[in-house]
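Just the heavy atoms: all of them, side chains too, but no hydrogens, waters or symmetry mates, feed the values below.
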Number of protein chains: 2
Amino acid sequence: MSQTERDRPSVLRAARERTRAEITREILDAARRHLATDGASGLSLRAIARELGMSSSAVYGYVASRDELLTRLIVAAYDALGSAAETQEAAVDREDLAGRWAAACGAVQGWALANPNEYALIYGTPVPGYTAPAATIAPAARVSSVLLGILRDIAAGRPAPATAEDDVPPDDREALAPARSIVGPEVPDTLLHQGLMAWAALFGTVSFELFGQLHGIVGEQPGDREAYFAESVRRWAAQLGITPAGTAPAARKPARPLEPA
Amino acid sequence: MSQTERDRPSVLRAARERTRAEITREILDAARRHLATDGASGLSLRAIARELGMSSSAVYGYVASRDELLTRLIVAAYDALGSAAETQEAAVDREDLAGRWAAACGAVQGWALANPNEYALIYGTPVPGYTAPAATIAPAARVSSVLLGILRDIAAGRPAPATAEDDVPPDDREALAPARSIVGPEVPDTLLHQGLMAWAALFGTVSFELFGQLHGIVGEQPGDREAYFAESVRRWAAQLGITPAGTAPAARKPARPLEPA
DNA sequence: CGCTGTCAAGAGCAGTGCTCGGAAAAGTTG
DNA sequence: CAACTTTTCCGAGCACTGCTCTTGACAGCG
């Protein structure tokens with residue numbers, strides 16, 4: 001271009017960068033499409049190149065390797081799930097702790113059912129020699145952040161740490177140190193541990209349903225899985241000391257929630 | 001074959017069958033070795049053939065396809081895990097319900113940590129177009145059988161169905177029909193649902209630990225994971241109404257279990 | 001000797017990830 | 001405009017995979 005813009009990135013250079021980003025996005029989109037249909041193991045760089053009408057070696061100018069492509073898809077999946085959980089949980093009245101919990105759980109399960117292969121990519125078997133490359137840990141923490149935030153608000157609405165009536169063994173208290181550094185000192189150990197248990201139970205349940213492990217255990221008629229999941233969500237909430245009906249349960253004993261219909 | 005031994009299996013035929021079974025077993029052993037080191041995605045029929053010193057096409061006389069080999073490994077893994085859970089749970093005094101529960105949980109986690117790739121094969125992402133070929137469902141049910149058996153004995157040691165004080169919504173009751181047909185009518189709905197939740201939570205926790213999802217949440221110092229898991233097991237037991245100390249808890253309120261150390 | 005059944009080996013096909021050299025296009029400078 | 005540099009792209013190629021098909025070797029039996 002003209003010599004008036006020699007040093008600063010010329011507009012043409014910017015245009016190149018733009019088309020480059022555009023092509024990269026197209027590659028990622030195609031990859032996501034293939035992932036949705038064929039699963040992670042069926043993701044082929046050559047197939048993507050064919051679909052985009054370019055040579056297989058050309059895509060290596062945009063994506064370093066198949067592993068890097070997988071990593072980008074993983075980050076995208078974590079972000080999509082985290083964003084879904086955040087927005088759906090944020091749409092609920094802050095006082096309605098049980099509603100927020102149910103919204104977060106529902107977001108996770110709904111997104112997983114809508115994007116099973118993406119869910120399997122991030123919560124299923126990790127690829128063999130693959131170690132999460134640090135770019136994934138931040139998006140991966142988004143959904144657990146939402147859940148820990150609820151935990152924090154549960155603790156804030158409670159009268160007191162309840163002395164030390166039923167506490168956690170000291171070695172477990174030590175094991176919970178990383179989670180404690182995230183959630184802060186306000187959440188009692190018991191609640192923190194119970195929250196992590198509910199967190200693992202939530203994803204265990206979703207994975208079981210998605211990976212076919214509930215076959216022959218929970219019915220597959222329309223509505224069965226929904227009913228089972230909804231009741232589980234209700235019970236996790238009860239274990240955390242929050243119930244759908246009121247905002248501040250007085251007694252520990254959870255009243256049986258009435259179904260809305 | 002010759003017409004002198006047309007009907008009854010000749011001794012030679014038997015010998016052939018024997019060596020055939022022998023080679024098949026060697027193939028499976030080599031496959032299991034490769035699976036343990038390289039994971040399921042890295043399992044190569046050609047590599048197995050090389051290791052056994054035979055041509056790649058020769059193994060197709062013993063194993064129909066890679067998928068069939070995977071299926072056999074899956075069945076073997078389910079059997080190994082189920083057997084571990086059965087024996088370890090059976091070694092505990094039948095009256096000690098909490099001990100049986102802890103033994104079963106510990107067996108699952110211990111086997112998973114010892115055989116991570118085999119665990120991932122059966123409880124991780126299912127292979128893309130793969131549907132469990134009916135030969136896998138029986139071995140797959142072994143570990144859940146153990147857990148349901150404990151549930152049944154919990155119900156048997158209880159005073160009564162506790163009226164219908166806190167029951168389960170009717171749609172969830174319907175969803176639990178398959179599990180109910182296994183466990184029998186003695187187990188109340190609440191306990192059945194709670195048991196399935198603990199089941200999912202157990203495998204969710206094990207999967208989280210194995211797949212690296214606990215990173216940054218639960219400590220990785222020696223003993224941390226053990227303490228976290230042990231406390232989770234204790235709390236699941238408490239949610240099922242069994243505590244390590246006594247055999248029959250009177251009140252619903254779970255007493256805080258004392259740690260053995 | 002021939003016949004039959006089982007087995008193994010080899011070549012081959014279609015596909016994969018990935019690398020490399022050269023060609024072509026695009027942008028920059030004299 | 002011409003020359004130069006940078007960026008992009010394609011094709012060939014390597015090593016690997018699952019799987020098939022043809023060929024050949026071996027045994028037992030008539």
Side-chain angles (χ1 to χ4, degrees), chain A residues 1-24 26-27 30-31 34-35 38-73 127-130, chain B residues 1-24 26-27 30-31 34-35 38-73 127-130:
Chain A
M1 184 40 89
S2 71
Q3 52 271 56
T4 66
E5 42 202 11
R6 56 167 74 188
D7 272 348
R8 62 193 168 112
S10 74
V11 58
L12 281 177
R13 264 189 97 81
R16 251 222 278 257
E17 299 257 334
R18 223 176 42 220
T19 70
R20 188 181 172 77
E22 170 83 8
I23 294 181
T24 306
E26 275 182 28
I27 291 177
H34 274 89
L35 175 66
D38 301 337
S41 66
L43 200 150
S44 156
L45 268 177
R46 291 181 115 116
I48 294 173
R50 269 196 301 275
E51 181 176 319
L52 297 187
M54 63 170 108
S55 171
S56 70
S57 57
V59 305
Y60 282 89
Y62 300 90
V63 173
S65 69
R66 201 191 108 114
D67 266 20
E68 201 224 274
L69 209 173
L70 255 306
T71 299
R72 297 205 187 193
L73 293 181
V127 286
Y130 187 86
Chain B
M1 69 189 74
S2 75
Q3 49 267 58
T4 66
E5 44 200 9
R6 55 170 74 192
D7 276 346
R8 62 189 170 111
S10 73
V11 58
L12 280 177
R13 259 188 99 81
R16 259 218 244 269
E17 299 256 335
R18 222 176 42 220
T19 70
R20 187 180 171 77
E22 170 83 9
I23 295 181
T24 306
E26 276 183 26
I27 291 177
H34 274 89
L35 175 65
D38 301 339
S41 64
L43 200 151
S44 157
L45 269 176
R46 291 182 115 114
I48 295 173
R50 269 195 301 272
E51 181 175 319
L52 297 186
M54 63 170 107
S55 169
S56 70
S57 57
V59 305
Y60 281 89
Y62 300 90
V63 173
S65 68
R66 201 192 107 115
D67 266 20
E68 200 224 274
L69 209 173
L70 255 306
T71 299
R72 298 207 187 191
L73 293 181
V127 286
Y130 187 86

Value in whole Å for how far the [atom2] atom of [N] lies from [atom1] of [X]:
| X | N | atom1 | atom2 | result |
| --- | --- | --- | --- | --- |
| R66(A) | dA15(D) | CZ | C1' | 17 Å |
| Y60(A) | dG21(C) | OH | C1' | 17 Å |
| I48(A) | dG17(C) | CD1 | C1' | 12 Å |
| E51(A) | dT16(C) | CD | C1' | 17 Å |
| L45(B) | dC19(D) | CG | P | 6 Å |
| R18(B) | dC7(C) | CZ | P | 14 Å |
| D38(A) | dT16(C) | CG | P | 11 Å |
| H34(A) | dG15(C) | NE2 | P | 13 Å |

Closest approach of [X] and [Y], non-hydrogen atoms and distance?
| X | Y | answer |
| --- | --- | --- |
| A47(A) | H34(A) | CB-NE2, 4.0 Å |
| A31(B) | L43(B) | O-CD1, 4.0 Å |
| A49(B) | S55(B) | CB-O, 3.6 Å |

Decide yes or no, distance alone: a donor-acceptor N/O pair under 3.5 angstrom between the base of dA8(C) and the side-chain of S57(B).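 Between dA8(C) and S57(B), which were checked side chain against base, a qualifying N/O pair under 3.5 Å is absent.
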Below 3.5 Å, does any donor atom in the side chain of R46(A) face an acceptor in the base of dG15(C), or the other way round?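 Under the 3.5 Å cut-off, the side chain and the base do not form any donor-acceptor pair.
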Between [options], which nucleotide gets closest to the side-chain atoms of [X]?
| X | options | answer |
| --- | --- | --- |
| S56(A) | dC18(C), dT17(D), dA9(C) | dC18(C) |
| S55(A) | dC9(D), dC10(D), dG18(D) | dC10(D) |
| R50(A) | dT16(C), dG17(C), dC19(D) | dT16(C) |
| M54(A) | dC10(D), dT19(C), dC19(D) | dC10(D) |
| Y62(B) | dG17(C), dC7(C), dC19(D) | dC7(C) |

Answer yes or no: is there an ion pair linking R72(A) with E68(A), defined by an N-O contact shorter than 4.0 Å?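 Judged by the 4.0 Å cut-off on N to carboxylate O distance, R72(A) and E68(A) do form a salt bridge.
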Heavy atoms only, 4.0 Å cut-off, all strands: where does L69(B) land among base, sugar-phosphate and nothing? nothing
How is L43(A) classified with respect to the nucleic acid when contacts are heavy atoms under 4.0 Å: base, sugar-phosphate, or nothing? sugar-phosphate
Ranking S44(A) and A64(A) by the position along DNA chain C of their nearest nucleotide, the one closer to 5' is S44(A)
Could you go through V59(B) and L52(B), starting from their C-alpha distance and side-chain angles, then the distance that decides it, and tell me whether this counts as side-chain contact (heavy atoms from CB on, under 4.5 Å)? CA-CA 10 Å; V59(B) 305; L52(B) 297 186; 5.8 Å; no
